[in-house]
Amino acid sequence: MAEAADFQGTSASPARRWLRRTGALLAGAPLLAGLLQLPAAGPAQAASSAPVSVSLDSLTPSAPTDGDTLTVSGTVTNTGKQAVTSAHVGLRVGRQLNTRAAIDAISRHADSLQSLNGSEVGDKYEEKFAKLIPGVAEHFSISVPVDKLDLGSDGVYEFGVALSGQTAAQPWEQVLGAKRTFLPWQSSDADTKTRTTFLWPLISSVHMTARTGAGELQTPVFLNDDLAKEIAPGGRLAQMLELGKDLDVTWVIDPDLLASVDAMASSYRLQGPDGTTTAGTHQAVAKQWLAGLQKAVAGKEVVALPFADPDLASLAHRGTSVTGSLSHLKDATDVAALTVKSVLHVTPSTDFAWPVDGAVDPSIMKVATSAGADRVIARSDSLQDTAGLTYTPSAARPVGGGTTAVVSDARLSTAFEDDLTQAGSATLAVQNFLAQSLEVNEQTDQQRSIVVAPQRMPSASQAQAMAAAAKALQGGTWSQSQNLTAAAKDKPDPNATTRIPSTSAYPSALRRQELPRTAFEQIARTQDKLDNFKVVLSDPSRVVTPFGLAINREMSTSWRGRGSQAESFRDDVENWLDDLTQQVKLIDKSETKLSGRSATIPVTVQNNLVQPVSHLVLRLTSTMPTRLKIGGKAYYEQQVDVSGGHSQSVKFTTSANANGRVTVYAQLYTEDGQQYGDPVSFDVKVTEVTPTVMLVIGGGVLLLVLAGFRMYTQRKRAAARQAEDGGPDAAGDDPGDEPGNPGAPGDRLPEESDVPSGAADPEQPSDPAPDTAPESADPSGTGERVDR
C-alpha cells in the first residue's frame, strides 16, 4: 500500500504505461536468461552450426556377429574459425530401434548433436588429437571388439561417432561434431530368415541410330561413343558387371543394351555433327564385356525387359489414344527373348513388366500386361498398405485378371539414390539398408519374401554401395537370397492391399517427365512410312529391322528428363527414312511436244538403293482427256521393277484429239494403292496434223521416188545401146566421149576450142545446171513419169 501511495501524485496514463513496461520486463526475464545461456548450448545446436564435420567413411564388418572386431574409420574436419584442442574421437552405442520409422528419423538428422545419445564405449577405444586446425581434415581409425560394445538383444542399434574438444571461446570439453548411423546386430542365425530378392539392372540409354551402311553387313551407326566408355574398364556398366558376377542377384537386362554391344563388337561407325560418319574402334572392349557377362549370368535368373525398355507410363497416359502404339510394345516384347538368347545363350524370363519407379495405376497395369507379361514390378510407396499392418508383407499381390503385382520395398529400393561419390555417404547408405532389412526380419516370426528394385541406371558409386549391401546381406544371419520368379510365386499375405491406386494418385513429378502425345503421333507417322516403303523392297528386312528397333528406342524410359534429345532422335529416324524412300523416285520431265494423232511418252523411274524395287505401279494421268488420252483413257498404269542403282524408262502410248497444251501427272503407287513419293507433272503440247497436209507431204515423197527411178532406167538404156553399136565411131560420137580419153566428161570441164564450128551453142561453165535430165525419144518405161 505504501508503494501505491507513492504514485498518487502521478497522472493515471503515465502510471499505466510504467506498469506495462515493468510487467513486460518481468515476463521477459526467463527468455533473457535463456538467451544468455546460448553460448554454452552451442554444441547442442543443429548440424549446420557444428564446428567440426565428421565423416564416417568405413564401418567393417557392416553387420558384426559374435567374436567380430568392429573397425570404424573416417575423417574429422574443423569447419570453424578457432582451433580445437584436447580433442578425441569416440564411439557411442545408442538405444535399440524398434521401428522402421525410427531408422528414418535418424537418417534424416545424421549430423544432429541434439539427438546424440549413448555414452562413449571407453577411452581405450578412442583417437586423440592435440589440435585441429581450421580447414584441415584429420583421419581416424578405431577398432573395438564387439563384446565391448555391450550390445543387448538382437536388433538395430543407433551407433555414432563423436568428436569432443574445446576452443578458446569455450574452454571446456564438449561435443563439437558427430555422425550417427546404425549397427545391425544379429549375433547368430535368426530362427526365421527373410527371403530377399535383389534386382541387378543392366540398362543404358539409347546409343544406336536407325542408320546402317549400304553394304551387305549393314554396319550400324551410333549416336556417339558413350557406350564404349560405359563398358570399358572402370566404366559404369563394366563395374556393374564386375560387382554383380559374385552376387546372388536377379539380372534385369534391357535387350537393346545387348544388341548395341554385340553390334559394336563386330563393326560400327559414329555419327558426326555434319552427317558424316567415322569408324568406331572399341570392338575389343565390347567383346570382352560380352564374354564377361555370359559367364556372370550362367546359372542365374535373367529377366528380359521389352526391347529398349519402353516407358509404360507414358504409353498408358499419352500413347494409347494414338492408333498402333500398343503394337510396338508387343514387338518389343517378342524380340526381347530372341535377343538375350542369341547374345547371352540363356533363356530369359519375359513375364515381368517394370514401370518407372514402380509407380502404377489402372491404365499402367493394363498396358504393362497387354504384351503378355502377367507380373508387374510395383513399389510399396505406390501400392500402399491401408490395413494398418505392423509388419512389411510379402511382395506378391494378386490384383485380379491373373496378374500379380510384385511389390518391392520402397525404403530398401531407394536406399542408394543419393550422391554416393563420397565414402561417408556410401557407408551411411549401406548401414541404413542393412538396418531396414534387419528391422523387417524382426517384425514377425512369419517368413516373408522382400524384393529390392533399385534405380534403373545406378552410377558407379551407387553400384558399389549396392554391391556392398547385397554382399553383406547374403552373408548375413537374417536373410537368404531368392530369385524374382520365386518371389512372385510366393504365397501372398491375405492382409496386404491389392487395390491399385487411381490414376489421379500417380506422382505429378513422374508425369511431367513422360513422353508427350506428339511423340507417339510422330512414331505412328514413321511407322506408316515404313509400312509403305517395305512393300516395294525385294529384301524388306534390311530396312524393317533397323527402323523397327529404332521406333522401339523412341519409346525408351531413358528419355525421361531429356525431352529435347528424345525429339531430336525421333526427327533423325523419320528424316533418314524419308531419305531412303526418296532414293526411289520419278525423274523430273520437261515439256513434251506431240505432233500427230498418237505418240509414245517415256517416264523414267530411278532407284538409287542397293537392292531392287518391285511391286510399284506407275500411273500417268491426263488432266484433259478430251484433248489427250493415255492408253485410250484419262490415265494408264504400268508395273515397275527397277534393279538397284539403275533407272528404267516406262513408255506410255498417247492419242491426241485436239491441239493445245495439256498437263500430265506421273505418280508412283504401291500395289495396295498407296501413293509412293512425290508426283511429277509436265506439259504436253499437242500439234494435230490435218489430212490435206499429210496428202501433200505424201505426194512429194512419191515424186522423189519416181524421179530417182527414171534416172536409173535412162542410164541403164544408154549403156545397153553403146554396147550394141560396138564402139564410139559407129555411134557417131566424138572419140573424146569414149571413157578413158583425155576429153572424157568427168575428168575436166570442156574448153571453147574443142567445140566444132557451126555447132549449137555449147553449155557454158557458168551456166546453171539443168533442173531435169535431157529429154529422150525412147518410149517411157512402165510406171515412169515423162516430163514434157
Side-chain angles (χ1 to χ4, degrees), residues 100-101 104 199 305-306 309-323 325-326 328-330 333 351-414 417 449-456 487-488 490 492-521 555-557 559-561 563:
R100 303 186 73 180
D104 294 337
L199 305 187
L305 298 175
D309 187 21
D311 191 336
L312 301 177
S314 295
L315 189 56
H317 297 155
R318 315 287 178 91
T320 51
S321 58
V322 179
T323 303
S325 295
L326 282 179
H328 299 302
L329 179 59
K330 181 65 168 61
T333 302
D351 296 336
F352 294 91
W354 190 12
V356 175
D357 289 354
V360 295
D361 62 24
S363 64
I364 294 175
M365 296 294 291
K366 184 177 180 180
V367 165
T369 57
S370 65
D374 56 5
R375 297 162 180 173
V376 180
I377 303 173
R379 205 165 72 185
S380 60
D381 53 354
S382 177
L383 204 68
Q384 297 183 14
D385 284 296
T386 57
L389 299 179
T390 58
Y391 60 89
T392 302
S394 287
R397 316 279 179 88
V399 293
T403 302
T404 300
V406 183
V407 183
S408 65
D409 186 83
R411 288 184 174 96
L412 297 176
S413 299
T414 59
E417 292 186 350
S449 295
I450 303 299
V451 173
V452 181
Q455 60 271 33
R456 272 174 153 75
D490 198 16
D493 191 317
N495 297 318
T497 183
T498 58
R499 186 179 65 84
I500 303 299
S502 64
T503 302
S504 60
Y506 189 79
S508 57
L510 293 179
R511 192 181 293 273
R512 286 194 296 269
Q513 294 182 339
E514 292 176 350
L515 294 171
R517 175 187 167 87
T518 54
F520 293 97
E521 292 172 343
M555 300 191 302
S556 174
T557 300
W559 295 121
R560 281 186 170 250

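Numbering of residues begins at 1 and proceeds along the displayed sequence. A quick note: this is a predicted structure, and the numbers were derived from the prediction, not measured.
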(request) For the pair S370 and K330, evaluate side chain to side chain contact (heavy atoms under 4.5 Å, CB included) and give the outcome as yes or no after the intermediate values. (result) CA-CA 8 Å; S370 65; K330 181 65 168 61; over 6 Å; no
Once you round to the nearest 0.5 Å, how far does [atom1] of [X] lie from [atom2] of [Y]?
X	Y	atom1	atom2	value
K366	T320	NZ	OG1	8.0 Å
M555	L312	CE	CG	9.0 Å
H317	D361	NE2	CG	3.5 Å

Should [X] and [Y] count as side-chain neighbours, where that means a heavy-atom distance under 4.5 Å?
X	Y	result
I500	L383	yes
T497	L389	no
I364	V376	no
R511	R318	yes

(message) Let's go through S314 and R560 carefully: what are the C-alpha distance in whole Å and the side-chain angles of both, what is the deciding distance for side chain to side chain contact (heavy atoms under 4.5 Å, CB included) to 0.1 Å, and is it a yes or a no?
(response) CA-CA 10 Å; S314 295; R560 281 186 170 250; 4.0 Å; yes
Heavy-atom closest contact ([X] atom, [Y] atom, distance):
X	Y	answer
S380	A410	OG-N, 2.9 Å
Y391	N495	OH-ND2, 3.6 Å
M365	V399	CE-CG2, 3.8 Å
L305	W354	CD2-CB, 4.1 Å
S325	G319	OG-O, 3.0 Å
R379	S408	CG-OG, 3.2 Å

(request) Decide side chain to side chain contact (heavy atoms under 4.5 Å, CB included) for D381 and D357; before the verdict, give the C-alpha distance in whole Å, the side-chain angles of both, and the deciding distance to 0.1 Å. (result) CA-CA 9 Å; D381 53 354; D357 289 354; over 6 Å; no
(request) Decide whether R517 and S321 meet the rule of one side-chain donor and one side-chain acceptor closer than 3.5 Å. (result) yes
(message) Under a 3.5 Å distance rule, please check whether S394 uses its side chain to pair with a backbone N or O of A396 as donor and acceptor.
(response) no
(message) I'd like to know if the side chain of T404 and the backbone of R375 have a donor-acceptor N/O pair within less than 3.5 Å.
(response) no
(message) Under the side-chain contact (heavy atoms from CB on, under 4.5 Å) test against P355, which residue among V360, L315, V367, T557 passes?
(response) V360
(request) May I ask you to say whether D385 pairs ionically with R397, meaning some side-chain N is under 4.0 Å from a carboxylate O? (result) yes
(message) One thing to verify: whether R100 and D409 come together as a salt bridge, which I'm taking to mean a side-chain N less than 4.0 angstrom from a carboxylate O.
(response) yes
(request) Carefully, step by step, assess Q513 and D311 under the rule side chain to side chain contact (heavy atoms under 4.5 Å, CB included). (result) CA-CA 10 Å; Q513 294 182 339; D311 191 336; over 6 Å; no
